[in-house]
*Asks:* 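I have a structure I would like to understand better, so I am pasting it below and will then ask my questions one at a time.
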Amino acid sequence: MLPDHAERLLRELHVSLGLRKRPEDVAQLIQDLFRARNTEPDPATAAALDKATEHSLHRLWHGYTSMLEDFARPVGAQRQLARASALFTNVADLAPEAGDDPAEIESVIRRAGDEIRRAYGDNDFGMDRLNRAERAEAGIGEISKRQYNKRFRLLRRMEAKLARVVHEQRRRAVTITGKGALAHTLPYETFAADPDTAAFVAYLTARAHMRSIFTNGTQRRPYDDVADALFQRLRSEPARTNWYAVAHAHPTAEVLGHVSDGDLARLLVRWNRFLREVAGLLEAAWNRSRLERDTMIVRPGNDSSTWNQAAQAWGTARTHWFALLTELGEERILDRVCPGKVPRLMAADVAYWHRRSGGGLHPDTLVWAELPLPWEVLRGEAECPRSLVEEVCARHRVDPVAGGWTAQRPAPQAVRFSRTPELVHGVAVGDPLMASALRSAGVFSGKGKHAAALEWL
């Protein structure tokens with residue numbers, strides 16, 4: 001039985017799986033958890049945590065950071081629900097959180113619709129409204145045309161709002177999954193069954209949730225020496241570790257080797273479903289604005305935010321899917337269906353920065369441009385066997401295995417811990433107070449923000 005303080009810390013770590021807390025602050029929670037459990041970490045873990053917590057918000061800037069510690073949440077239907085409770089007698093006042101619950105919003109729309117004899121989905125203002133005679137026949141003749149129309153319009157707007165809330169909530173879930181895989185879906189009981197497992201999953205997820213930095217090089221990798229020290233604790237106690245929970249965030253061959261075939265199959269089904277969902281988002285973004293596939297440079301009218309979020313989610317899902325197929329001994333599926341990687345769109349000024357510093361188009365972009373579109377592959381409309389991917393990779397001198405095109409990626413090597421920078425549109429700024437000032441002043445925002453960032457750098 002854990003002490004109450006340790007239980008509170010575990011719950012705070014669990015909540016962090018869906019947030020964007022700085023890894024330093026998650027490391028501080030882990031350090032506090034060791035103390036609350038009256039457990040001494042091994043010297044390597046203690047040293048790694050000490051290095052990370054030197055920069056935690058408990059010790060710097062009086063607990064201040066300019067960065068939001070959450071992923072952007074959609075605006076709920078609180079205003080519309082409040083209006084509905086004022087206009088409809090069978091809609092009571094609701095708690096604020098009801099505006100973020102699609103099921104509750106739909107229930108209100110249906111109950112309110114019953115009051116004016118309107119069926120859910122009847123949104124045609126010309127065809128679906130009741131005239132005076134029809135209102136009288138339906139038993140609501142006391143409602144004037146003006147009052148009836150007011151209620152009808154509100155319910156029509158509420159249905160449109162509900163659709164937006166559902167879409168934006170799903171987009172947020174896709175963004176979080178693209179960053180931190182399925183860790184945020186772990187139930188508390190599974191997450192907290194082993195505190196050391198919880199510590200590793202929470203820290204690695206915090207690292208994965210870090211924002212991208214404006215750079216013409218590679219982004220920092222999530223698996224650092226702090227994560228590695230926490231993982232070594234799991235490796236030293238394999239019987240106690242909850243490997244199924246670890247597999248939600250860290251699908252290496254070693255981790256998956258400890259997971260039962262039944263749990264592996266369940267994860268594979270979830271990732272397969274998610275892969276198809278993300279493929280649909282990519283296709284929709286592709287159809288809205290045809291992209292410059294040979295360069296993947298943003299053009300006017302491209303929805304780069306949606307595409308890049310979906311591309312990252314595709315990469316994460318594909319990595320887990322490949323790893324699970326391999327562990328289950330079903331790698332031969334890739335001989336028939338081997339969908340390619342999806343690159344992000346790059347801003348034109350970033351592409352210029354690449355060229356100016358002696359770089360060029362990434363070879364992966366050339367491979368992507370020659371392969372069938374991934375959503376067509378998943379639907380069976382285009383063939384993309386592993387042999388085709390290997391052929392295209394060879395043509396562009398890309399290693400298909402090391403590059404993750406045709407096989408499970410090798411286990412990541414730990415990188416050195418580095419403190420989380422304060423960012424303004426991806427540009428690292430010296431301290432949070434300066435970052436807030438620059439953000440308020442609109443520096444690096446709007447047109448030409450990356451060109452401005454180049455000058456800043």
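Residues: numbered from 1 along the sequence shown. Computed from a prediction, not measured in an experiment: that's the story for all the values here.
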*Asks:* How about Pro412 and His250: do any of their side-chain heavy atoms sit closer than 4.5 Å?
*Replies:* yes
*Asks:* Considering residues, nucleotides and ligands other than Glu383, do more than 12 of their heavy atoms fall under 6.0 Å from its CD?
*Replies:* no
*Asks:* Can you tell me how far apart CG (Leu378) and CG (Leu275) are? Round to the nearest 0.5 Å.
*Replies:* 5.5 Å
*Asks:* Between Ser236 and Phe231, is the side-chain contact (heavy atoms from CB on, under 4.5 Å) condition met? List the steps.
*Replies:* CA-CA 9 Å; Ser236 67; Phe231 186 74; over 6 Å; no
*Asks:* May I ask you to decide if the ring planes of Phe191 and Tyr188 are parallel, tilted or perpendicular, using 30° and 60° as cut-offs?
*Replies:* tilted
*Asks:* With distance as the sole criterion, is a donor-acceptor pair present between the side chains of Thr197 and Arg240 under 3.5 Å?
*Replies:* no
*Asks:* Could you check whether Thr53 and Glu24, counting side-chain N and O atoms only, form a donor-acceptor pair closer than 3.5 Å?
*Replies:* no
*Asks:* For the CZ atom on Arg299, are there more than 12 heavy atoms of other groups (residues, nucleotides or ligands in this structure) within a distance under 6.0 Å?
*Replies:* yes
*Asks:* How would you list, by chain and number, every residue that makes a side chain to side chain donor-acceptor pair (under 3.5 Å) with Arg110, sequence neighbours excluded?
*Replies:* Glu106
*Asks:* Compare every heavy atom of Gln408 with every heavy atom of Thr252, then report the nearest pair and how far apart it is.
*Replies:* C-NE2, 3.9 Å
*Asks:* Would you name the heavy atoms of Leu366 and Leu361 that are closest together and state the gap between them?
*Replies:* CD2-CD2, 3.6 Å
*Asks:* Could you walk me through whether Val246 and Thr241 pass side-chain contact (heavy atoms from CB on, under 4.5 Å), step by step?
*Replies:* CA-CA 9 Å; Val246 177; Thr241 298; 4.2 Å; yes
*Asks:* Check this for me: does any side-chain nitrogen of one of Arg332 and Asp335 sit under 4.0 Å from a carboxylate oxygen of the other?
*Replies:* no
*Asks:* Could you tell me which non-hydrogen atom of Gly121 sits nearest to which non-hydrogen atom of Glu159, and how far apart they are?
*Replies:* N-OE2, 2.8 Å
*Asks:* Of the non-hydrogen atoms in Ala44 and Ala229, which two are nearest, and what is the gap between them?
*Replies:* O-CB, 4.1 Å
*Asks:* Indicate, with yes or no, if the rings of His320 and Phe274 have centres closer together than 6.0 Å.
*Replies:* no
*Asks:* Looking at Asp228 and Arg233, is any side-chain nitrogen of the basic one under 4.0 Å from a carboxylate oxygen of the acidic one?
*Replies:* no
*Asks:* Is Arg416 salt-bridged to Asp225, going by a charged N under 4.0 Å from an acidic O?
*Replies:* no
*Asks:* Can a cation-pi geometry be assigned to Arg344 and Trp307, taking NZ or CZ under 6.0 Å from the six-membered ring centre and within 45° of the ring axis?
*Replies:* no
*Asks:* Under 4.0 Å between a side-chain nitrogen and a carboxylate oxygen: does that hold for Arg235 and Asp196?
*Replies:* no
*Asks:* Looking at His248 and Tyr244, would you say the former's side chain and the latter's main chain have a donor-acceptor pair under 3.5 Å?
*Replies:* yes
*Asks:* In terms of side-chain geometry, is the basic nitrogen of Glu12 or Arg8 positioned less than 4.0 Å from the acidic oxygen of its partner?
*Replies:* yes
*Asks:* What I'd like to find out is whether the side chain of Pro339 reaches to under 4.5 Å of the side chain of Val337, using heavy atoms alone.
*Replies:* yes
*Asks:* For Glu168, which residues count as a side chain to side chain donor-acceptor pair (under 3.5 Å) partner, sequence neighbours excluded?
*Replies:* none
*Asks:* Write down the atom of Gly340, the atom of Leu371, and the distance for their closest heavy-atom approach.
*Replies:* CA-CD1, 4.2 Å
*Asks:* Working note: Arg386 + Glu391, criterion salt bridge (charged side-chain N to carboxylate O under 4.0 Å, His left out); need CA distance, chi angles, decisive distance, verdict.
*Replies:* CA-CA 9 Å; Arg386 178 153 45 187; Glu391 176 187 329; over 6 Å; no
*Asks:* Salt bridge check, Arg37 against Glu7: does any charged N sit closer than 4.0 Å to a carboxylate O?
*Replies:* no
*Asks:* Assess the side chains of Trp405 and Asp399: does a donor N or O sit below 3.5 Å from an acceptor N or O?
*Replies:* no
*Asks:* Determine whether the side chains of Arg157 and Gln80 contain a donor N or O and an acceptor N or O closer than 3.5 Å.
*Replies:* no
*Asks:* Counting only heavy atoms not in Gln413, do more than 12 fall under 6.0 Å of its CD?
*Replies:* no
*Asks:* Would you call Glu54 and Arg419 a salt bridge, taking side-chain N to carboxylate O under 4.0 Å as the test?
*Replies:* no
*Asks:* Under a 4.0 Å threshold between the charged nitrogen and the carboxylate oxygen, would Arg395 count as salt-bridged to Glu390?
*Replies:* no
*Asks:* Please tabulate, one pair per line, all N/O donor-acceptor pairs under 3.5 Å involving side-chain atoms of residues 200-209, not counting sequence neighbours.
*Replies:*
{"from": "Tyr203", "atom 1": "OH", "to": "Asp224", "atom 2": "OD2", "distance (Å)": "2.7"}
{"from": "Thr205", "atom 1": "OG1", "to": "Val201", "atom 2": "O", "distance (Å)": "2.7"}
{"from": "Arg207", "atom 1": "NE", "to": "Pro222", "atom 2": "O", "distance (Å)": "3.0"}
{"from": "Arg207", "atom 1": "NE", "to": "Asp224", "atom 2": "OD2", "distance (Å)": "3.4"}
{"from": "Arg207", "atom 1": "NH2", "to": "Arg221", "atom 2": "O", "distance (Å)": "2.7"}
{"from": "His209", "atom 1": "ND1", "to": "Leu19", "atom 2": "O", "distance (Å)": "2.7"}

*Asks:* With the side chain counted from C-beta on, respond yes when Asp25 and Glu69 share a heavy-atom pair under 4.5 Å apart, and no when they do not.
*Replies:* yes
*Asks:* Given the rule in the side chain to side chain donor-acceptor pair (under 3.5 Å) test, do Glu292 and Asn302 qualify, once you have shown the distances and angles that lead to the verdict?
*Replies:* CA-CA 10 Å; Glu292 188 66 43; Asn302 290 164; over 6 Å; no
*Asks:* Report the distance from atom CG of Leu182 to atom CG of Leu267, rounding to the nearest 0.5 Å.
*Replies:* 7.0 Å
